[in-house]
There are 2 protein chains.
Amino acid sequence: MKNRITMKDIAREAGVSVATVSHVINGTKNISKETSERVLKSIEKYNYVPDSSAKNLRKKKTKTAGLIVSSLPDNFVNDMIFGVEERAREMGYNLLLVNTKEDEKYEEESINLLHSNLVDGIILSPTSGDISYLNKYTNYKFPVVMVNRFDKKIKNIPIVSGDNYQLGFDATTHLLRHGHKKIGFIYSVLNVSTTEERLRGYKDALKQFDIPFCEGCLERGYGTVKGGADAVANLLSREKDITALFTQTDLMTVGAIGKIKEMQLRIPDDLAIIGFGDFPSAVIIEPPVTNIILPARTIGRTAFDVLINKIHNPDYMTHIQLPSSLIVRNSCGC
Amino acid sequence: MKNRITMKDIAREAGVSVATVSHVINGTKNISKETSERVLKSIEKYNYVPDSSAKNLRKKKTKTAGLIVSSLPDNFVNDMIFGVEERAREMGYNLLLVNTKEDEKYEEESINLLHSNLVDGIILSPTSGDISYLNKYTNYKFPVVMVNRFDKKIKNIPIVSGDNYQLGFDATTHLLRHGHKKIGFIYSVLNVSTTEERLRGYKDALKQFDIPFCEGCLERGYGTVKGGADAVANLLSREKDITALFTQTDLMTVGAIGKIKEMQLRIPDDLAIIGFGDFPSAVIIEPPVTNIILPARTIGRTAFDVLINKIHNPDYMTHIQLPSSLIVRNSCGC
DNA sequence: ATGAAAGCGCTAACAC
DNA sequence: GTGTTAGCGCTTTCAT
């Protein structure tokens, strides 16, 4: 393995000092055109790229951000990830991706590692566990922003999320307007702001229609197709008079629909359904499925912008809530 | 912003030298139990984490890998990404994710940047463009492995991909066996091994059934739902006697099915379809769609393992081809 | 078993 | 406009 070219080599080759090389690379000082060109030529010739580690050590910045997601990757999460990635590169940052798969311990380990000057800041979509350990980092101003899921108990941490309360309220209201009185709520993770807020919206919508909240209408399942199917089966065997469903992830929505069809129930006549999160095939399913969505890509992009602000100003705070929208198709009864 | 704790601080606190601290952290030398415990205690107390940049500079290794993908992210690519991510973390590596979106120039820039001691190696799913610039890196043994897509022109680069030739052959043969004589082939990127290999398989299958290859049966579209729909419309308006379709990405498959339904054609009676890449809702679509798949997650994981080998041994070479499998449902006519 | 010190490749303050 | 040099925080060789 040939030894790496360093700035010193370039300097020697161009007959200048390393300081000069550094300055022409970074444009940090006026260097005469001739010298500059000579340096550039050597750089070209040797295909030289400044060592990032050395630079990072010296500048105490890495120009990379960490993105830690915890969910089973569904369409929403994937879009959000690519939103972050897209914005990061637009801003000249690299992106370190970590998927904790709801593993709290691994989440803490990851943050600890990234925090070691590996990244300038972290965008975190946390697990449902106890994440108060985060205060350890945010307290002394290591830039962390929460995306999608948030936890108000953590101090000094900006948040970018969807307006999940309104989302829950709107989806439920829509079903209520179609005359449904008993609406199943299928989720995958509890103690997480997304689910909790939607649930709050769901309950408030019920209240507004003077319909009592029924504890048995809540059903938890694994956040996969299979999980959605199982949840529907359980829910329906327990609460026979449910006439509508509100599912919380696109994978579960698909599983739910599969199970409903398998049970020979008709959508939306026997059972109406609204899912959270759009997915490409929603239109071609019979009937086309009504989804309530959040702008995943924008949430990701915005989270990155907020992180940049936080990096530049350690006291920066905000809670941005992006609005949801209902994509009305037919599974809701419309 | 409080100043970062360094090894020096820990050393002072514990009343030892930095060398000792380093050794207890890394277990690189025998340190007496008492000293060791004292050091550990200080580390704990200050929540100290060694600076990664300094460590990387010194060791000339970063324990992070770069993953550069170029495709519009569909189900296959996403699964592959998480396969790489999963394996990376199992092996104690971090993952830098870059999506070039088929932008050749950005791809080259990214590689150049990552190569600057930012990552120990790169897993690349290249654009369709001319990537011979890669030789510049692989020639002097910077570890790069190609995943999914490959280009034999690059020297000294291991490859992990699906067996796309067999995939194309099998999918086409399956359709042929159902009696189809004119099969549309809908793809999104040309000059890329995945498409080219599948096409080669497609042609060979045709040959085996003594059916002449029809140039007009090939249709290119943008790799999205809309792209798939448009491609079908174009294809069908030109070649009216096509009775089966083989689409190359899951998004295009969905778009194609949507368009077919919109045209009031029946699947599989008027038009059979097999798509590449499975997607969660394939089962609940009417009719359930037959897909031919590649083990995306395994491909990702394997690519990472190959990268590790390449990092340890600069001369390591291989071309691993993972087999495809046909998920027979009903859209093919079965 | 522990410590002193060199040096990884770069940036930036300072000198000329 | 250009060069000298200290030092970022760590690992590691060599002493003791």
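Remember, predicted model here, so these are calculated numbers, not experimental data. Throughout, protein chains are lettered first and strands after them, A, B, ... in sequence-line order, and every chain is numbered starting at 1.
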| said: Just to verify, what does T28(A) make a side-chain hydrogen bond (donor to acceptor under 3.5 Å, both in side chains) with, not counting sequence neighbours? | reply: none

| Rounded to the nearest 0.5 Å, what separation is found between the CD1 atom of I320(B) and the CD1 atom of I299(B)? | 10.5 Å

| When the distance from CZ of R38(A) to P of dG1(D) is rounded to whole Å, what number comes out? | 14 Å

| Does OP1 or OP2 of dC10(D) have a side-chain N or O of Y48(B) closer than 4.0 Å? | yes

| Are E13(A) and R38(A) within salt-bridge range, i.e. N to O under 4.0 Å? | no

| request: Compare side-chain N and O positions of T6(B) against OP1 and OP2 of dG9(D) and report whether any pair is under 4.0 Å apart. | output: no

| Between atom CD1 in I43(B) and atom C1' in dC10(D), what is the gap in whole Å? | 13 Å

| task | For the residue pair K310(B) and N156(B), establish whether any side-chain heavy-atom pair is separated by less than 4.5 Å. | result | yes

| task | For nucleotides 11-16 of chain D, just jot down a letter per nucleotide in 5' to 3' order: B, S or -, based on protein non-hydrogen atoms under 4.0 Å. | result | BBBB--

| Salt bridge or not for K105(A) and E108(A), using N-O below 4.0 Å? | no

| task | Identify the 5'-most and 3'-most nucleotides of DNA chain C with at least one atom closer than 4.0 Å to a non-hydrogen atom of chain B. | result | dA1(C) to dG9(C)

| request: Examine R297(A) relative to F82(A) and say whether NZ or CZ is less than 6.0 Å from the centre of the six-membered ring and inside a 45° cone about the ring axis. | output: no

| According to the interplanar angle, ranging from 0 to 90°, do the rings of Y133(A) and Y137(A) count as parallel (below 30°), tilted (30 to 60°) or perpendicular (above 60°)? | perpendicular

| request: Flag the pair P50(A) / I25(A) as yes when at least one side-chain heavy-atom distance between them is below 4.5 Å, and no otherwise. | output: yes

| message | Does dG1(D) have OP1 or OP2 under 4.0 Å away from a side-chain N or O of T35(A)? | response | no

